[in-house]
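First listed ligand is number 1; within each ligand, the first listed atom is number 1.
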Amino acid sequence: MITENHCIQLDQNDALATLRQQFALPPDTIYLDGNSLGAQPRAALDHAQHIIHQEWGTDLIKSWNTAGWFNRPLSIGNELAPLIGAQADEVAVTDSTSVNLFKAAAAALHLQRNTPAHAQRRIIVTERSNFPTDIYILEGLSHFLNDGYELRLVDQPADLHSAIDQDVALVVLTHVNYRTGYMFDMVELTAHCQAQGALVVWDLCHSAGAVPVDLHAANADFAIGCTYKYLNAGPGAPAFIWVPKKHQPHFTQPLTGWWAHQSPFEMQTNFKGAPDIRAALCGTQPIISLSLVSSGLAVFKQTTMAQIRTKSLALTDLFIQLVEERCADHPLQLETPREHAHRGSHVSFAHPHGYAIVQALIEHGVIGDYREPHIMRFGFTPLYTSFHEVWQAVDILKDILDHQKYDLNLEKNAVT
Ligand SMILES: *Cc1c(COP(=O)(O)O)cnc(C)c1O
């Protein structure tokens, strides 16, 4: 049996423990929801003040040049690149994940239509259990193209191989599943897609800053992802899109706003797309929230994804083991793979009263969240989650379960 002292010891030997001080976390709160909204890096406050006071308040419109506002989607993209195995000038931080998926998917279909051997392909593969916006965007794009595109929704990871055949134009996969935390083998699946002649877009929402990602090693085609989850960029901060150099010369997407033009300030009548990553942009960006993405990324520069991964697996292993040891009398079902190679950085347990239990946990200072159906989700963010907190969270969970300290008559909130 694992003891509380053992967990305290783990913190004493934790090389990342000091990074926690760089985050503004409220007292008496165990925050296990960094997979949904990352905590606030303390530096973000001064940074925001600088942007509002100096860049906006004092320097006004000059800041487009003097502060580098105009180039900021790309300069911050370059800061993010090493975390996902991208090279310089391949990442733009811009728009939302949903919008970036629309752009990447449309660009990929366009490439396929211009490849004679693939031009007739009309199947788009994704998972039925993918995050709904990903499916909705692909549905919307298919309807809009009105040219016979069909979604092929796959039910089990094991069925993906046979579903990706030579009729498939595009595959859109979320690397780490938002509900179960299941992680795909990116290298192996990308190779399979390409062997079948399909292009692949990887959604890295639950991967960027959570698990090591090497898009170039996988030879992937496109990627997109959030910054407000594990990258701690702030609520609704702009997302990212990766277009590798190999696809940049032929990359076109339908949201051809002026920021994607080769020379926007020539104010030409006709659109001429930029020959580089700028082609993934559309229009003017929310400079304040965009800028704060940097404050989140700054913390990652003090460690490595390998160190983060080691601690992440230790945290999730500990949580699974403690729940199974200490809450064994309750109908909890582990939804997350035990196998490290297939686990992201959150752990999900299903329980028939999952929603009510999560609300009770929140009332007792343990913040996780709930996803239909029945799933209680707990995110572990190595930059600021401690091993002792894992112990405490399970202690509180056990108390709530043992004494049924939850209310089955709660109305669900708009955000669960
Ligand atoms: C969080 C998440 C999104 C969010 O998309 P938004 O456009 O930011 O609302 C999309 N896809 C996946 C897989 C996610 O986990």
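Listed as neighbours of ligand 1 are S96, T97, S98, F131, T133, D134, T174, D203, C205, H206, C226, Y228, K229, each bearing a heavy atom under 4.0 Å from the ligand.
The shortest heavy-atom contact between C282 and L255 is SG-O, 3.6 Å.
Summarising the geometry, atom CH2 belonging to W69 is positioned 13.5 Å from atom OG belonging to S75; distances are rounded to the nearest 0.5 Å.
Two rings, from H351 and H374, have their centers 6.0 Å or more apart.
Remark: D165 pairs with R152 by the salt bridge (charged side-chain N to carboxylate O under 4.0 Å, His left out) rule, at least two apart or across chains. The salt bridge (charged side-chain N to carboxylate O under 4.0 Å, His left out) search around D276 returns R278, not counting sequence neighbours. For R42, there are no salt bridge (charged side-chain N to carboxylate O under 4.0 Å, His left out) partners, not counting sequence neighbours.
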